[in-house]
Amino acid sequence: MPGTAGLLAVLGDLVEDVVVWPSGPLDPGTDTPARIFRRRGGSAANVAAGAALLGAPVRFLGRVGADRTGEALVAGLAELGVDVRVQRHGTTGCVVVLVEAGGERTMLPDRGAAAGYATPDPSVVDGVTLLHLPAYGLLADPCAAAARALAARVRDAGGAISVDASSTGVLRAYGPRRFLDDLAALRPAQLFANRDEADLLGLPGTAPSGAVVVVKDGGAPAQVWRAGSVVHVPAEPVDAVRDTTGAGDAFAAGYLTAVLGGADPVPATAAGHRSAARVLAGPGAGGG
Ligand SMILES: Nc1ncnc2c1ncn2[C@@H]1O[C@H](COP(=O)(O)OP(=O)(O)OP(=O)(O)O)[C@@H](O)[C@H]1O
Ligand SMILES: O=C(O)C(=O)C[C@H](O)[C@H](O)CO
């Protein structure tokens with residue numbers, strides 16, 4: 001993007017999303033006709049794609065299977081201008097995303113190859129000024145160990161770390177206290193959480209010192225917490241929310257692209273809202 005000296009790297013999942021829009025409430029034991037869309041997914045890939053579409057220089061780090069699905073997902077991301085650096089082994093992950101009336105979604109993830117991302121040669125983050133880590137990739141080795149090693153390398157070179165709390169389900173299973181301890185060691189400059197994740201973790205009070213904490217709240221204003229003070233930033237008005245899949249990732253893409261361009265957290269949050277609003281009307285996480 002014009003005037004950007006930085007490079008955003010996003011580490012985590014690149015998977016196939018199978019997005020299911022059932023025609024009505026599920027009736028177990030019988031059939032419910034549905035519309036089904038196959039889309040690129042994975043929180044990290046969604047952020048990388050969204051930021052690239054907004055003009056940010058982006059590198060993607062992750063792992064796909066040694067299969068045609070993985071090949072196609074990588075090619076699609078690269079077509080958007082993302083510098084894709086993936087490991088290839090096993091079977092590409094897949095997430096079934098079940099979307100109910102009103103746009104609320106339930107995910108059934110099988111991360112597959114993505115969960116096996118192993119520590120690469122650390123030079124893969126050379127030149128990176130901002131490393132974004134969705135929490136999905138921080139909760140189990142080997143990918144969590146890889147993320148820690150690469151984050152340390154980026155920080156040592158003067159870059160910044162950004163973390164997204166990702167999901168109450170995975171955080172509850174992992175242990176909120178344990179996650180906060182990990183977070184303290186990662187020393188992020190930026191932390192994203194939705195309302196439920198913030199409540200579960202006790203944010204912003206429990207955030208690592210110095211981190212800017214952005215708490216998203218669907219169509220309600222987001223809270224931007226910095227050094228104990230808060231600014232409320234209204235969401236974009238959206239007529240019809242059909243599918244919220246990836247809204248949080250699109251928000252992060254807009255926010256981080258703005259930060260890379262030199263924006264402060266409040267205008268970056270407004271940019272996050274604009275980016276998120278664009279994916280609410282259609283199936284899946286958007287991003288090409
Ligand atoms: N009803 C809505 N109207 C306008 N914007 C919305 C609405 N719902 C979500 N958004 C946008 O999407 C962003 C992220 O939504 P949310 O607070 O649900 O976070 P999330 O849980 O991380 O999202 P996701 O559904 O991707 O998990 C919001 O901050 C806002 O910008
Ligand atoms: O809807 C969300 O919260 C997402 O983060 C999107 C998913 O993580 C992703 O597309 C699933 O593969």
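Note that this is a predicted model, so its numbers are computed, not measured. In listed order, ligands and their atoms are each counted from 1.
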(message) For a quick check under 3.5 Å, do D67 and T92 share a side-chain donor-acceptor pair by atom type?
(response)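 Yes, a side-chain donor-acceptor pair sits under 3.5 Å.
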(request) Determine whether the side chain, the backbone, both or neither of V238 has a heavy atom under 4.0 Å from any heavy atom of ligand 1. (result)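 V238 to ligand 1: side-chain contact only, backbone stays beyond 4.0 Å.
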Considering non-hydrogen atoms of the protein only, which is the closest contact for [atom], and what is the distance?
| atom | value |
| --- | --- |
| atom 4 (C) of ligand 1 | E236 O, 3.2 Å |
| atom 25 (O) of ligand 1 | T244 O, 3.1 Å |
| atom 28 (C) of ligand 1 | G218 O, 3.3 Å |
| atom 19 (O) of ligand 1 | N194 CB, 3.7 Å |
| atom 1 (N) of ligand 1 | V241 CG2, 3.5 Å |
| atom 23 (O) of ligand 1 | G248 N, 3.2 Å |
| atom 27 (O) of ligand 1 | R105 NH2, 3.1 Å |
| atom 3 (N) of ligand 1 | G219 CA, 3.4 Å |

Between [X] and [Y], does any side-chain N to carboxylate O distance fall below 4.0 Å?
| X | Y | answer |
| --- | --- | --- |
| D17 | R38 | no |
| R177 | D182 | no |
| R172 | D196 | no |
| D126 | R153 | yes |

Is there a polar contact between ligand 2 and [X], counting only N or O atoms under 3.5 Å apart?
| X | result |
| --- | --- |
| N46 | yes |
| M107 | no |
| G42 | yes |

(message) Considering K216, E197, R278, H273 one by one, which has a heavy atom nearer to atom 22 (O) of ligand 1 than any of the others?
(response)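 Nearest heavy atom to atom 22 (O) of ligand 1 lies in K216.
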(message) Out of V279, V18, D249, who is nearest to atom 4 (C) of ligand 2 when you count heavy atoms only?
(response)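 The nearest heavy atom belongs to D249.
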(request) Consider ligand 1: state whether an atom of it lies below 4.0 angstrom from any non-hydrogen atom of R195. (result)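 Judged by the 4.0 Å heavy-atom criterion, R195 does not count as contacting ligand 1.
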(request) Report yes or no: does a heavy atom of A222 sit under 4.0 Å from some atom of ligand 1? (result)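 No, A222 has no heavy atom closer than 4.0 Å to ligand 1.
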Taking the side chain as everything from C-beta on, heavy atoms only, tell me whether [X] gets closer than 4.5 Å to [Y].
| X | Y | value |
| --- | --- | --- |
| H89 | R63 | yes |
| P57 | L260 | yes |
| V18 | C94 | yes |
| I161 | R155 | yes |

(message) So for atom CG, which belongs to D156, do other residues, nucleotides or ligands contribute more than 12 heavy atoms lying within a distance under 6.0 Å?
(response)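 For D156, atom CG is crowded (more than 12 foreign heavy atoms under 6.0 Å).
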(request) Look at ligand 2 and say whether R39 reaches it with a heavy atom at a distance under 4.0 Å. (result)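 Contact absent.
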(request) Answer with yes or no whether G246 contacts ligand 2, where contact means a heavy atom under 4.0 Å from a ligand atom. (result)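 Yes, G246 has a heavy atom closer than 4.0 Å to ligand 2.
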(request) I would like to know whether E16 and D110 meet side-chain contact (heavy atoms from CB on, under 4.5 Å); could you show each step before the answer? (result) CA-CA 10 Å; E16 183 178 39; D110 175 355; over 6 Å; no
Could you tell me, atom by atom, which parts of ligand 2 come under 4.0 Å of a heavy atom of [X]?
| X | result |
| --- | --- |
| D17 | 9 (C), 10 (O), 11 (C), 12 (O) |
| T245 | 1 (O) |
| V15 | 12 (O) |
| V95 | 12 (O) |
| R105 | 1 (O), 2 (C), 3 (O) |

(message) Just to verify, which of V230, D217, V233, V231 counts as forming a side-chain contact (heavy atoms from CB on, under 4.5 Å) with Q223?
(response)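 The residue from V230, D217, V233, V231 that satisfies side-chain contact (heavy atoms from CB on, under 4.5 Å) with Q223 turns out to be V230.
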(request) Quickly, which of V154, V128, L61, V125 forms a side-chain contact (heavy atoms from CB on, under 4.5 Å) with L11? Name it, please. (result)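 Output: one option passes, namely L61.
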(request) Mark yes or no: R178 above the aromatic ring of Y174, with NZ or CZ under 6.0 Å from the six-membered ring centre and no more than 45 degrees from the axis. (result)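 Yes; both conditions hold, so R178 lies above the ring face of Y174.
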(request) Might you point out which heavy atoms bring A115 and P142 nearest each other, and give the distance in Å? (result)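 Closest pair (atom of A115, atom of P142, distance): O-CD, 3.5 Å.
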Any idea which atoms of ligand 1 are less than 4.0 Å away from a heavy-atom of [X]?
| X | result |
| --- | --- |
| D217 | 17 (O) |
| F251 | 29 (O), 31 (O) |
| A276 | 11 (C), 12 (O), 13 (C), 31 (O) |
| G246 | 26 (O) |

(request) Could you walk me through whether D121 and R85 pass the salt bridge (Lys or Arg N to Asp or Glu O under 4.0 Å) test, one step at a time? (result) CA-CA 11 Å; D121 185 316; R85 311 277 186 99; over 6 Å; no
